[in-house]
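One-based numbering, in listed order, for ligands and for the atoms of each.
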Amino acid sequence: MDLWYTEKHSDNVGITMKITKTLFSGKSEFQQLDIVETLEYGKMMLLDGLVMVTERDEFVYHDMITHPALFTHPAPKKVLVIGGGDGGSIREIMKHPEVELAVLCEIDGLVIDKSIEYLPSMACEIDGSNPRVKLHVDDGLAYIRAHQNEFDVILVDSTDPIGPAVGLFEEDFYRLVHAALKEDGIMVAQSESPFYHAEIQKSMFSNLRAVFPVVEMYQAFIPTYPSGLWSFAFASKKYHPVKDFDRQRATERGFTTRYYNEDLHLGAFMLPTFARDNIAE
Ligand code: SAM
């Protein structure tokens, strides 16, 4: 008998994948965590039944939530990731030699533990082996309150605005992020699907614009996310992601990336009209 996993993207549309094995299934105090082996996308992590990462296409998301900010900020020394318990964002941040410390604040320790156990290609830098990485198991909302004027870049690598992540899409949280950033700091947050989540984007970008002087959206193609068109919010106290982009540093980067590149950095901020309309002021 064939085993299929389906994620519903709306009441009548979804994605379905053939599963060969369930590697882990358990419930933390926050969510249901499943890690399965798929026939075509490698291992896949699900939280409350929703696709978080797959081995085959995670490179897109983790390239694009990290490198645009790290090649726009001229000297990103201290970086905070809120969420990101699979470790993929930290892996990409560590490729930047100028980063002296990357802090991961993930609310669910089970996600970290099972990512280290089953997804080593993503969790390779959060297994305790890298002295430039510090882990905190805590609510990002609590953590951020205790840190002011500390980070050059803050990445919000969270689940969708449901459950523990609801508060990570609100204006109050963005004000706390603004305070935790240094005077020229940059924040990037995953900002859902322009095709399915127009209302979430409208509210999220309005909240960001109430706090940050520079707010832009950029896009990426992630086949296992709803509609395949995904987006990120770039919110900045000073630098603009296109005008202040350090193209030379990005071109001469000493590491390979399978999705991000110095041309795509610029192209990603050119949006389809409907996506631009979602966040029109
Ligand atoms: N790439 C995925 C996406 O775009 O949906 C995100 C993956 S990562 C696994 C999401 C993480 O955010 C989860 O591990 C979840 O536990 C964490 N998270 C949710 N709310 C949080 C909060 N308030 N503080 C810290 N981590 C949180």
Side-chain angles (χ1 to χ4, degrees), residues 7 9 15 24 26-35 41 43-66 80-93 103-119 121-123 126 134-147 154-170 172-174 176-177 180 188-194 196-197 200-201 204 218-233 259:
E7 174 185 332
H9 295 163
I15 183 172
F24 176 79
K27 206 166 173 53
S28 72
E29 68 176 289
F30 301 101
Q31 50 214 342
Q32 172 70 26
L33 168 60
D34 297 282
I35 298 181
Y41 275 79
K43 289 183 214 150
M44 173 166 71
M45 179 199 291
L46 309 169
L47 287 178
D48 287 338
L50 300 178
V51 176
M52 290 294 120
V53 288
T54 78
E55 285 181 318
R56 184 174 175 189
D57 73 351
E58 58 89 4
F59 71 95
V60 181
Y61 178 91
H62 293 121
D63 271 14
M64 292 307 280
I65 196 170
T66 54
L80 168 64
V81 175
I82 292 177
D86 52 71
S89 296
I90 295 287
R91 180 196 64 203
E92 292 308 307
I93 293 165
V103 178
L104 179 78
C105 178
E106 161 61 57
I107 199 168
D108 192 341
L110 186 66
V111 172
I112 296 174
D113 295 345
K114 295 309 169 189
S115 297
I116 292 169
E117 186 176 352
Y118 294 104
L119 301 170
S121 65
M122 288 175 234
I126 61 169
K134 223 158 97 185
L135 300 189
H136 282 276
V137 178
D138 195 1
D139 184 339
L141 273 160
Y143 181 88
I144 201 85
R145 282 185 214 286
H147 296 263
I154 295 177
L155 306 178
V156 186
D157 180 3
S158 75
T159 38
D160 303 329
I162 42 179
V166 168
L168 303 183
F169 291 74
E170 300 300 331
D172 291 350
F173 171 68
Y174 295 141
L176 292 168
V177 169
V188 166
Q190 72 92 356
S191 54
E192 304 289 318
S193 163
Y196 278 117
H197 305 130
I200 294 175
Q201 293 199 316
M204 180 179 182
Y218 62 102
Q219 62 179 316
F221 162 67
I222 304 179
T224 55
Y225 282 5
S227 83
L229 178 65
W230 208 249
S231 74
F232 299 88
Y259 191 87

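Compare Tyr61, Phe232, Phe173 by their heavy atoms: the one nearest to atom 4 (O) of ligand 1 is in Tyr61.
Each of the atoms 11 (C), 12 (O), 17 (C), 25 (C), 26 (N) of ligand 1 lies under 4.0 Å from some heavy atom of Gly83. Shown in contact with Cys105 at under 4.0 Å from a heavy atom are these atoms of ligand 1, numbered in order with element: 25 (C), 26 (N). Each of the following atoms of ligand 1 lies closer than 4.0 Å to a heavy atom of Gly140: 22 (C), 23 (N), 24 (N), 25 (C). Residue Asp138 has at least one heavy-atom neighbour below 4.0 Å for each of these atoms of ligand 1: 24 (N), 25 (C). Listed by atom number, the atoms of ligand 1 under 4.0 Å from Ala165 heavy atoms are 19 (C), 20 (N).
With hydrogens and angles ignored, the 3.5 Å screen pairs no side-chain donor or acceptor of Asp108 with any backbone N or O of Phe30. No donor-acceptor distance shorter than 3.5 angstrom exists from the side chain of Tyr118 to the backbone of Met45, with no hydrogens or angles considered.
Only the side chain of Gln190 comes within contact range of ligand 1, with a heavy atom under 4.0 Å; no backbone atom does. Residue contacts with ligand 1, taken as heavy atom pairs separated by less than 4.0 Å, involve Val111 solely via side-chain atoms from C-beta onward. At a heavy-atom cutoff of 4.0 Å, ligand 1 is contacted by no atom of Phe30, backbone or side chain. Under 4.0 Å from ligand 1, the heavy atoms of Leu47 that appear belong solely to its side chain. Residue-level proximity to ligand 1 for Tyr143 is absent, since no heavy atom of it falls below 4.0 angstrom.
The minimum heavy-atom distance between Glu192 and Phe169, with the atom names listed, is OE2-CZ, 4.1 Å. Of all heavy-atom pairs between Ser121 and Glu55, the closest is OG-OE2, 4.3 Å. Of all heavy-atom pairs between Ser115 and Gly85, the closest is OG-O, 3.4 Å. Nearest heavy atom pair, residue Glu7 against residue Pro226, reads OE2-CG, 4.0 Å. The two residues Ile154 and Ile144 have their closest heavy-atom pair at CD1-CD1, 3.9 Å. Across Tyr218 and Met64, no two heavy atoms sit closer than the pair OH-O, 2.5 Å.
Considering both main-chain and side-chain atoms, Ile107 comes within under 3.5 Å of ligand 1 through a nitrogen or oxygen pair. At least one N/O-N/O distance between Asp139 and ligand 1 falls below 3.5 Å. Close N/O approach between Glu106 and ligand 1 is found [any backbone or side-chain N/O within under 3.5 Å]. Looking at ligand 1, you won't find any N or O of Asp86 less than 3.5 Å from one of its N or O atoms. Considering backbone and side-chain N/O atoms, Leu168 never comes within less than 3.5 Å of an N/O atom of ligand 1. Considering both main-chain and side-chain atoms, Asp160 never comes within under 3.5 Å of ligand 1 through any nitrogen or oxygen pair.
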Residues 155-164, side-chain donor-acceptor partners within the protein, below 3.5 Å, at least two apart:
unit_1	atom_1	unit_2	atom_2	d
Asp157	OD1	Tyr61	OH	2.5
Asp157	OD2	Ser89	OG	2.8

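A donor-acceptor contact closer than 3.5 angstrom links the side chains of Glu58 and His62.
Contact annotation: the side chain of Val103 never approaches that of Val81 to less than 4.5 Å [non-hydrogen atoms, C-beta and beyond]. At least one side-chain heavy atom of Leu80 sits under 4.5 Å from a side-chain heavy atom of Tyr143.
The protein non-hydrogen atom at the shortest distance from atom 19 (C) of ligand 1 is Thr159 OG1, 3.3 Å. In this structure, the protein non-hydrogen atom closest to atom 2 (C) of ligand 1 is Tyr225 OH, 3.3 Å.
The shortest heavy-atom distance from Gln31 to ligand 1 is under 4.0 Å. Contact analysis puts Asp157 in contact with ligand 1, with a non-hydrogen atom separation below 4.0 angstrom.
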Legend entry - Verdict with reasoning, Thr224 to Thr54, per side-chain hydrogen bond (donor to acceptor under 3.5 Å, both in side chains): CA-CA 8 Å; Thr224 55; Thr54 78; 4.6 Å; no

